[in-house]
Amino acid sequence: KLECEIYNDAKNVLNLTVQPGQQQNFSANDAEEGTHDWKVNCVDEAGWEAESETRIYLLDKTKPTVTLLSPANNSIISFMTQIKLNVTDNYVLQQVYYLLNGTRYNVSSEFEIDPFDWIEGTTTMTIVADDQAGNKQTKQYEFIVDRTAPTILLTNPGNETDVHAEFEFEIDDNYDSELFCDLTVD
């Protein structure tokens, strides 16, 4: 058997009795986030002492951040609307992708998503960002994709009718409850 000491940042953090040839594990969860060094010293029953090399490691406990920049969550969008995200990590961002109807799509390095092929209706998109340490951030956003133009019905006056100045029309849309309209009289 061996008596071993584990050092983290030159401090003895753990003493273990181990059998030769066995792999041992210890957690660095109590260390602060950042760059650290570690090494192991062991003594066998005959008194022989060995010291490992000192290695450097980076402890990253922080998930990446994902922020929707535009449009706002739950917005009604066109299939031409670019969805813009801000994705950051305190060390190394490894990958960013989104899930839509069970299919995975990569996100560009500019963190923009093109909904050109999305079907009309309510769509839930899940953004996943992983960093090099394996920390994962997942955010879900919902959009209503509107691929249909509003319908306009001119009701009054009739075509080629003599009027004073009153015009009426009706407008309907699949999703929008507020529409902005221009009236042009020539």
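Small disclaimer: the values here were computed from a predicted structure and weren't measured.
- Residues Y57 and A28 come closest through the heavy atom pair OH-CB, 3.6 Å.
- In the hydrophobic clustering of this structure, Y175 does not group with I119; members are Ile, Leu, Val, Met, Phe, Trp, Tyr whose side-chain heavy atoms approach within less than 4.5 Å, directly or through other members.
- Annotation: side chain of Q94 is not in contact with side chain of D131 (no heavy-atom distance under 4.5 Å).
- How far CD of Q24 is from OG1 of T17: 9.5 Å, rounded to the nearest 0.5 Å.
- The heavy-atom pair separating L59 from E33 by the smallest distance is O-CG, 3.0 Å.
- The backbone N or O of A31 sits less than 3.5 Å from a side-chain atom of K61, completing a donor-acceptor pair.
- Taking CG from D172 and CG from L179, the interatomic distance works out to 8.5 Å, rounded to the nearest 0.5 Å.
- Closest approach of T35 and I56 over heavy atoms only: CG2-CG2, 3.5 Å.
- Residue F143 shares its hydrophobic cluster (ILVMFWY side chains chained together at separations under 4.5 Å) with V66, L68, I77, I83, L85, V87, L93, V96, Y98, L100, Y105, V107, F111, I113, W118, M125, I127, Y141, V145.
- Remark: side-chain polar atoms of D146 are paired, donor with acceptor, to backbone N or O of T148 under 3.5 angstrom.
- Criterion: ILVMFWY side-chain heavy atoms under 4.5 Å apart, direct or through other members. Under it, V18 and V13 are part of a common hydrophobic cluster.
- E32 CD: 12 or fewer foreign heavy atoms inside a 6.0 Å radius.
- Judged by distance alone, the side chain of Q95 and the main-chain N or O of D130 form no donor-acceptor pair under 3.5 Å.
- Proximity of T81 to P71: side-chain heavy atoms (C-beta onward) are separated by under 4.5 Å at one or more points.
- Counting heavy atoms from C-beta on, the side chains of E3 and N15 never come closer than 4.5 Å.
- A129 approaches P64 most closely through the heavy-atom pair O-CG, 3.6 Å.
- For F26, the ring pair (Phe, Tyr, Trp, His ring centres under 6.0 Å) partners two or more places apart in sequence, or in a different chain, are W38.
- Looking at D60, its side chain never comes within 3.5 Å of a backbone N or O of N135 through a donor-acceptor pair.
- P115 and S78 make their closest contact through CG-O, 4.0 Å (heavy atoms, listed as atom of the first residue, atom of the second, distance).
- We find the OG1-NZ distance between T67 and K139 to be 6.0 Å, quoted to the nearest 0.5 Å.
- Taking CE from M80 and CG from D114, the interatomic distance works out to 10.5 Å, rounded to the nearest 0.5 Å.
- A distance of 14.5 Å separates NZ of K11 from CD1 of I6, quoted to the nearest 0.5 Å.
- A distance-only check finds no donor-acceptor pair linking the side chain of E168 to the backbone of T155 [under 3.5 Å].
- For the atom pair N90 CG and T65 OG1, the distance stands at 9.0 Å (nearest 0.5 Å).
- Counting heavy atoms from C-beta outward, E120 and N174 have side chains that approach closer than 4.5 Å.
- Residues passing the ring pair (Phe, Tyr, Trp, His ring centres under 6.0 Å) test with F79, sequence neighbours excluded: F116.
- In this structure, V40 and E5 have side chains that are not in contact, with every pair of non-hydrogen atoms separated by 4.5 Å or more.
- The minimum heavy-atom distance between A10 and D37, with the atom names listed, is N-OD1, 3.7 Å.
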